[in-house]
Every structure is written in C-alpha cells, then in structure tokens.
J.: 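Below you will find the structure I want to go over with you.
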There are 2 protein chains.
Amino acid sequence: MRIGELADRVGTTTRTLRYYESRGLLPARRDGNGHRTYGEADVRLLEQIRTLQDFGFDLEETRPFVECLRSGHPAGDACPASLAVYRRKLGELDSLIDELTSVRAEVGAQLARAERAMAGLAADARAPGGPEPRCELGDTTEGKGVRG
Amino acid sequence: MRIGELADRVGTTTRTLRYYESRGLLPARRDGNGHRTYGEADVRLLEQIRTLQDFGFDLEETRPFVECLRSGHPAGDACPASLAVYRRKLGELDSLIDELTSVRAEVGAQLARAERAMAGLAADARAPGGPEPRCELGDTTEGKGVRG
DNA sequence: GCTGGCCCTGACGCCGACGTCAAGGCCTAC
DNA sequence: GTAGGCCTTGACGTCGGCGTCAGGGCCAGC
C-alpha cells in the first residue's frame, strides 16, 4: 500500500503521514522507486494515533501507544508507559475541567450582574430625569464590587 | 505615564502594550520625543483586557469591552456588544466542558479496561503455561468493544 | 564626555500540526 | 509522445500572543 491509499483509508492526508514519519512516529519502507510502502499494521498504528488525537492527545503523547503496538502487543495501551500517559491525561483533563467550570461560573456571574445593571439603567431611563448618567472617564475610584 | 510604568502597574510588559496598540486595542498619545503617554483611564482599559484574557477570551473578544469603557461607560460590560460576547463565551465554555467531560469519561474507561487487561495478563503469567501469548500483528479483526 | 536607563521601530522566533506550493521523477493510457 | 496521476523532497505559510534581538535616539547624572 502506498501513501495515498493509506491516507484515504484512515481519512487523513499524505502530508500528515509524511509529517508523522518526520517525527519518527510512523516510519515507512520504500519500494524500488523510493515510494513509501505500508502494510496493514500501519493502518492500525495510524488509527491508534488518530483516536488519541481526537481525545486531544498531542503527537508526542501518542508515541508510547505506537511503540507498544509495534513491539507486538495487541493493543496500544497494553504497556505501562501508555497507562502512565492515560493517567497523566486524566489529571490534566480534571484540572482543566475544574478551571473551565470555575471560569464559566465567574463569567456567568458577570453576565448576570451586567444584565441587572443594564435593566436598572433602563428603568432609570424610563422613570426619573435623564436617559443615562453620561459618566466621564474621570478619577471616580470605581471598584469591581458594584454587585448590589 | 510612559509605557514602562503602565506595564509595571498592570503586571505586563511593554511589548504586550505595543502589541495591543498595533491591534488597535490600546492607542496611545505621544509626547515631544515620540514616547507613548498613558493616563489613568488606560490603566482601567488594560485591567479589563487582562481580566478577560485570564478568562480565556482572546484579544478580539475583549474589543467590545474596551470600546464600551472608552465610550464613557463605567464598566466594560455595560454595553450590549459585551453582553453578547459573554453569552457566546458561556456557550463555548459549556460545549467545551461537555466535550472534555465526555473525553474524560472515555479515557477513564480506556484506562480501566487496559488496567484490567494487564492484571489479567499478569495472572496468566503466574498461573498457566507461558508468560505472554505473544500476539502476532496479524488480521485478528480486533474491535474497539473489548469492554467486558 | 560618557555611562546607564528608558524609549523607539522593525523584524525574526516560537509552538503544533499540519496546508500549500514548487520543481521534478516514474509509470500508464491513449 | 504526451497528458494525467501518483509519488518524491524542500521550504515557506498559518494562527495568537507575544519574546527577543538589532540598531538607534534622548535625557539625566557623574
């Protein structure tokens, strides 16, 4: 199998496969013309790489899985080094999710506060004297705690 | 106030301020020597930018907030365009958190499965005949559903 | 007068995972 | 023979948010 066919089979591009090879991740044999040649095992290596990429693993993190497969194991995660990557990734995911969740809460709170403020201004515009206070950009010493 | 002092006051670098200016986000007046000059209002603009950056907003997304402040509003999120960015960001955060959560679950399941498999192999190695089945990389048609 | 400190512009470097273009080789079909 | 299709290597482009360097100016203090 040549590079174009392999790329088609796993739904990627020849450029990607050459890039993987340049990173030492997916070496290829060559035929008489210097063309890269791949076998069925390479399809599985590539599928392993793409699966992990879909999970957000970067290329270097897929290396233990690929080497595990190439060393004859039936699965890329049948080696301790792969499990270590799994565990590290789980930790990263957990802390990232935690962080994003707290950011989400903060942004949500800011939005709610700003919406209340806008509603208040709109009410002011309907009820009392003028439409808007026209705040100057002076040294009004405003703080971030305009919550209530 | 010149660029170095402003950078110190908000805890960033002069390079960053020049970059913001190049993006049209934080223009500066110039003194007789061509040096950038800033006022207190710029401190607040910058703090707004940095706060949003900490939330993961990219620079373009901070622009409505900055323009809102510069147009005289007391807060960067006192304008509809800013609220729209808040809402869009909340949506992005929600879907990102969802995605990461599902990835986390999948990776966790893969780790658990792989750990069970390794434990099984270890038990095999202790109990029966050989230490490892020495799987060839043949067409064994393995699927992804090796869960149970 | 000279050193040190701040400022200026312009431009290249970085990271990751490729996309894209250039220039050419080999093989097949017509 | 020539057009088309696949392959090769090499190298530059992309995106964001700056870091870092080169080369030069202005001003204060000793």
J.: D/dC7 C1' sits how many Å from A/Y38 OH, rounded?
T.: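 It is 11 Å, rounded to the nearest whole Å.
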J.: What distance do A/T62 atom OG1 and A/L25 atom CG have between them, rounded to the nearest 0.5 Å?
T.: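 Interatomic distance, A/T62 OG1 to A/L25 CG, rounded to 0.5 Å: 4.5 Å.
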J.: Near B/R23 CZ, under 6.0 Å, is it more than 12 heavy atoms from other residues, nucleotides or ligands?
T.: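 Atom CZ in B/R23 is not crowded, with 12 or fewer foreign heavy atoms closer than 6.0 Å.
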J.: Any chance the rings of A/Y86 and A/F65 have centres within less than 6.0 Å?
T.: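 A/Y86 vs A/F65: aromatic centres under 6.0 Å.
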J.: Would you kindly say whether B/S71 and B/H73 are connected by a side-chain donor-acceptor distance under 3.5 Å?
T.: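 B/H73 and B/S71 do have a side-chain donor-acceptor pair below 3.5 Å.
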J.: Provide, to the nearest angstrom, the distance between the CG atom belonging to B/L52 and the C1' atom belonging to D/dG16.
T.: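 To the nearest whole Å, that distance equals 16 Å.
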J.: Which angle, rounded to 10°, do you find between the first-five-pair axis and the last-five-pair axis of the helix from C/dG1-D/dC30 to C/dC30-D/dG1?
T.: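 Here the local axes at opposite ends form an angle of 40°.
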J.: Could you check B/R50 against A/T37 and say which one's nearest nucleotide on DNA chain D is further toward the 5' end?
T.: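 With B/R50 and A/T37 compared, the 5'-side residue is A/T37.
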J.: Just to be sure I understand the geometry, which residues of residues 9-25 of chain A put a non-hydrogen atom under 4.0 Å away from DNA chain C?
T.: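 Residues of residues 9-25 of chain A under 4.0 Å from DNA chain C: A/T13, A/R15, A/T16, A/Y19, A/Y20.
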J.: Going 5' to 3' on DNA chain C, which nucleotide is the first and which the last to come under 4.0 Å of a heavy atom in chain A?
T.: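 The footprint of chain A covers C/dA17 to C/dC27.
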J.: Within the structure, does a side-chain N or O atom of B/N33 lie under 4.0 Å from either OP1 or OP2 of D/dG25?
T.: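 No, outside the criterion.
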J.: Does some side-chain heavy atom of A/K89 sit less than 4.5 Å from a side-chain heavy atom of A/L52?
T.: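 When only atoms from C-beta onward are counted, A/K89 and A/L52 do not touch, as no gap falls below 4.5 Å.
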J.: Could you check A/F57 against B/I3 and say which one's nearest nucleotide on DNA chain C is further toward the 5' end?
T.: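 Result: B/I3.
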